[in-house]
2 protein chains.
Amino acid sequence: MIKPGGKVTINDIARLAGVSKKTVSRVINDSPKVRPATREKVQAVIEAHGYTPHPEARALALRKSYLVAMIYDNPSPQYIVSMQRGILDALEASDLQLVIRPCDRNEDDYFESIRRFIKQQRFYGAILPPSVSEDQELVDMLEENNCRYVRIASVIMDSPLNTVKTHDSEGAEKAAHHIADLGHTRIAHIRGPLAFRSSHERFRGFELGLNEYGIRLDSGLVLEGGYTYETGFDCATQLLAMENRPTAVFCGNDEMAVGAYQAARQAGIRVPEDISIVGYDDTPIASRVWPRLTTVRMPIREMGKAAGQLLLGDPNGNLRRYVSFTPELVVRESTAPPPQDS
Amino acid sequence: MIKPGGKVTINDIARLAGVSKKTVSRVINDSPKVRPATREKVQAVIEAHGYTPHPEARALALRKSYLVAMIYDNPSPQYIVSMQRGILDALEASDLQLVIRPCDRNEDDYFESIRRFIKQQRFYGAILPPSVSEDQELVDMLEENNCRYVRIASVIMDSPLNTVKTHDSEGAEKAAHHIADLGHTRIAHIRGPLAFRSSHERFRGFELGLNEYGIRLDSGLVLEGGYTYETGFDCATQLLAMENRPTAVFCGNDEMAVGAYQAARQAGIRVPEDISIVGYDDTPIASRVWPRLTTVRMPIREMGKAAGQLLLGDPNGNLRRYVSFTPELVVRESTAPPPQDS
DNA sequence: CTGAAAGCGCTTACAG
DNA sequence: CTGAAAGCGCTTACAG
């Protein structure tokens, strides 16, 4: 008899099926060395009792964790949610679960706290979106603790085999081409914080893209924001107050672009008639503001999925492939040719 | 010697400290029955080797899981991220981890898939934000599997001891009072889908609030949306095309309100001069659109924390308190008195 | 193809 | 206050 209220265990199944627990184990683990008749008999008992192996017991016996950690400090909810979905897409076929760990790199015990987390849990592996992915100290700590990891980053910082690369510079280059094509020449850039590699890559790509059209990016028109609405607003306010103000602004992400909308509105400057604004990320807000925002789209969910797959490794063999994503420009209504009289 | 590359175990610590593993266990678990000198000696060895107990082994021996599941189908990224943070706030002091499980109630294997998830993982407990929290079949399944749970919901569906209640009707009532105070009488409501209890509560509270001002909510001006931008747009487009169109619209959430903005814009109707719009939730988009949206704020992160605490129970004793949250109105620029000529 | 023994790293009674 | 034995639910060699 099965203990009332208690879970049925491998022993119960073994007894009920008249085999040893090892045989049950073999059935569970799809070992080929079980006679079909035996397998069926055991399967029937398993199903009849809704048996499912205890994950902690397996983990202990196999010296393996079934938990994947996602460690992140990204400020955009949409980014986080899409990334989580993507990772789960990859984990779906496996029996791994996703444990989340938001953090703040500015907090004092940020590093120690994550170290404890990693040491205690002995994860199957960890996935690091930017900007956590750029923290080499953290990655070193993971390696010290034998925790494999996949970085999502705009540059390859160690092996390409554990990086999902996003070609941020190419996305920014496309934005530059679009703006230049429209005929703009006085062009500003509100970049992200220097602590983010993506911010450098986007800046670099944007500058390159303009250069390809023979346009120089005036360093006086490059301001540093914090990837937030408020900083976008502040930087744009400064730009719009200039004597000879720019006719186009490329913002390092959508949040800052929406802040720039607000700055333009308060200054009585029309988008896109007086000023063109371009964002980056294509988060949902980009198509909910008015005018709808021209921006650069990253397939965030697919990137998460690729990261998950990289972490799992190829089930048939163990070759792991280098994965990279190229962003594309989404043209909407926030960009137009510069005003005639300018 | 400690195996190279291998993790240090309780046995290593016991040997190194010259005590039995049981004594180490007592130190780890803060048992009072250890002589201070012994405790210190053991502590020193633990720290010297950075020992941390294997969570799966503990879980197995204690017949207890250290994993909390968050199961949700809420479509708003901001809501999800805030709720996750709140739950983690509550879990911080414990050694529990948060496993996330987004799902889609419309998918065929939604229920079976979650059932498998629950059976396999034997969670410490589960947290259910709306609208998953309203699925009684799912809750029954959790109980069947001895998985405790906390619901976040706008009505108490079973015991108040495992519900974090949100007074949605009160928030909607406040919205009604605000609109009535401004002098509106032709008032519309774009409600959420009938499958969400919150949608009913908000509708009910709004109607009640208008009645308190002697205003009847015209059922012809109540449309059902899907809590999405697109449905908000569609419903508002219908309302604005009416012969005698409303001068104010209360939308069931911010997403739909922003959709309504867009509909007004396309119809050449100004917000708030020609029509007042009120949302619900105070998600970040509410203060990023123009004009900034008057809406009803829910303290989502605190609600998540309360849910986590309810799940953990009171560490000093085991009384659990009923928790509820009352939303407040946030007045911004999307509401104004009705136009003079109306 | 199948089983009895030993072990994963921890804890809970039970003695002393 | 401390320890030796048994057990949590599973798996891995090792026999047969």
Side-chain angles (χ1 to χ4, degrees), chain A residues 2-3 5-43 45-46 49-67 95 119-124 146, chain B residues 2-3 5-43 45-46 49-67 95 119-124 146:
Chain A
I2 295 157
K3 291 168 279 177
K7 286 295 195 175
V8 0
T9 74
I10 196 172
N11 285 310
D12 299 319
I13 301 299
R15 191 163 27 74
L16 260 24
V19 297
S20 77
K21 56 202 274 199
K22 175 54 199 157
T23 299
V24 177
S25 172
R26 274 190 270 258
V27 171
I28 296 168
N29 293 291
D30 279 322
S31 158
K33 307 184 178 179
V34 183
R35 221 175 348 175
T38 313
R39 176 181 303 281
E40 275 171 37
K41 186 173 58 179
V42 174
Q43 278 291 13
V45 178
I46 287 177
H49 294 268
Y51 167 70
T52 160
H54 192 119
E56 271 94 6
R58 291 189 98 179
L60 184 57
L62 285 167
R63 297 157 196 74
K64 168 189 166 182
S65 166
Y66 285 85
L67 262 26
D95 37 13
K119 288 203 73 146
Q120 273 172 23
Q121 295 302 129
R122 300 152 158 80
F123 290 102
Y124 176 87
N146 296 310
Chain B
I2 294 156
K3 291 168 278 177
K7 287 293 192 174
V8 0
T9 73
I10 197 172
N11 286 311
D12 300 318
I13 300 298
R15 190 162 28 71
L16 260 24
V19 298
S20 78
K21 55 201 276 200
K22 176 53 198 158
T23 299
V24 178
S25 173
R26 274 190 270 260
V27 171
I28 297 169
N29 293 291
D30 279 321
S31 158
K33 308 184 180 179
V34 184
R35 223 178 344 179
T38 313
R39 176 183 303 280
E40 274 171 36
K41 187 174 59 181
V42 174
Q43 278 291 11
V45 178
I46 287 178
H49 293 267
Y51 166 70
T52 160
H54 192 119
E56 271 95 6
R58 292 188 97 180
L60 184 57
L62 286 167
R63 296 157 195 76
K64 168 191 165 181
S65 166
Y66 285 84
L67 264 25
D95 37 11
K119 289 203 72 143
Q120 272 171 22
Q121 295 301 129
R122 300 154 161 80
F123 290 102
Y124 175 87
N146 295 310

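Note that the structure is a prediction, hence the values are computed from the model and not measured. The figures that follow rest on heavy atoms only: side chains count, while hydrogens, waters and symmetry mates do not.
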Peer 1: Could you check which of dG3(D), dG3(C), dG9(D) has an atom nearest any side-chain atom of Ser20(B)?
Peer 2: dG3(D)
Peer 1: Rounded off to whole Å, could you give me the NZ-to-P distance for the Lys41(B) and dC1(D) pair?
Peer 2: 15 Å
Peer 1: Phosphate oxygens OP1/OP2 of dT2(D): is one of them under 4.0 Å from a side-chain N or O of Thr23(B)?
Peer 2: no
Peer 1: Taking only N and O in the side chain of Asn11(A), is any of them less than 4.0 Å away from OP1 or OP2 of dG9(D)?
Peer 2: no
Peer 1: Exactly one of Val42(B), Asp12(B), Val45(B), Ile13(B) should register a side chain to side chain contact (heavy atoms under 4.5 Å, CB included) with Tyr51(B). Which one does?
Peer 2: Ile13(B)
Peer 1: On DNA chain D, compare the nucleotides closest to Leu62(A) and Ala57(A); which residue's is nearer the 5' end?
Peer 2: Ala57(A)
Peer 1: Looking at Arg35(B), does any N or O in its side chain come under 4.0 Å of the phosphate oxygens OP1/OP2 on dT2(D)?
Peer 2: yes
Peer 1: Atom NZ of Lys21(B) and atom P of dA4(D): how far apart are they, to the nearest Å?
Peer 2: 11 Å
Peer 1: If we only count heavy atoms from C-beta on, is the Arg58(A) to Asn29(A) side-chain gap below 4.5 Å?
Peer 2: yes
Peer 1: Given dG3(C), dC10(C), dT11(D), which nucleotide is nearest the side-chain atoms of Val19(A)?
Peer 2: dG3(C)
Peer 1: Would you kindly give the CZ-to-P distance between Arg122(A) and dG9(C), to the nearest whole Å?
Peer 2: 9 Å
Peer 1: Output the rounded distance in Å from CZ (Arg58(A)) to C1' (dT12(D)).
Peer 2: 13 Å
Peer 1: Lys22(B) has an atom NZ; how far is it from atom P of dA13(C), in whole Å?
Peer 2: 10 Å
Peer 1: His54(A) has an atom NE2; how far is it from atom C1' of dG9(C), in whole Å?
Peer 2: 13 Å
Peer 1: State the pairing partner of dC1(D); accept Watson-Crick or G-U wobble contacts with both distances under 3.5 Å, and report none otherwise.
Peer 2: dG16(C)
Peer 1: Between atom NZ in Lys64(B) and atom P in dC10(C), what is the gap in whole Å?
Peer 2: 16 Å
Peer 1: Does Ser25(B) have a side-chain nitrogen or oxygen under 4.0 Å from the phosphate oxygens OP1 or OP2 of dT11(C)?
Peer 2: yes
Peer 1: Give a yes/no on whether any side-chain N or O of Tyr51(A) is located under 4.0 angstrom from OP1 or OP2 of dC10(D).
Peer 2: yes
Peer 1: Distances under 3.5 Å only, N/O to N/O: pair up the protein atoms with those of nucleotides 14-16 of chain C.
Peer 2:
none

Peer 1: Distance check: side-chain N/O of Thr38(A) vs OP1/OP2 of dT2(C), anything under 4.0 Å?
Peer 2: yes
Peer 1: Donor-acceptor check, side chain of Lys119(A) to backbone of Thr52(B), threshold 3.5 angstrom: yes or no?
Peer 2: no
Peer 1: Can you list the steps and then say if Arg35(A) with Thr23(A) is a side chain to side chain contact (heavy atoms under 4.5 Å, CB included)?
Peer 2: CA-CA 10 Å; Arg35(A) 221 175 348 175; Thr23(A) 299; over 6 Å; no
Peer 1: Round to the nearest Å and state the distance from Leu60(A) atom CG to dG7(D) atom P.
Peer 2: 17 Å
Peer 1: Show the numbers, then the answer: is there a side chain to side chain contact (heavy atoms under 4.5 Å, CB included) between Val24(A) and Arg15(A)?
Peer 2: CA-CA 10 Å; Val24(A) 177; Arg15(A) 191 163 27 74; over 6 Å; no
Peer 1: Drop me the distance from Leu60(A)'s CG to Ser65(A)'s OG, to the nearest 0.5 angstrom.
Peer 2: 11.5 Å
Peer 1: Between Arg63(B) and dT11(C), is there a contact of a side-chain N or O with OP1 or OP2 at under 4.0 Å?
Peer 2: no
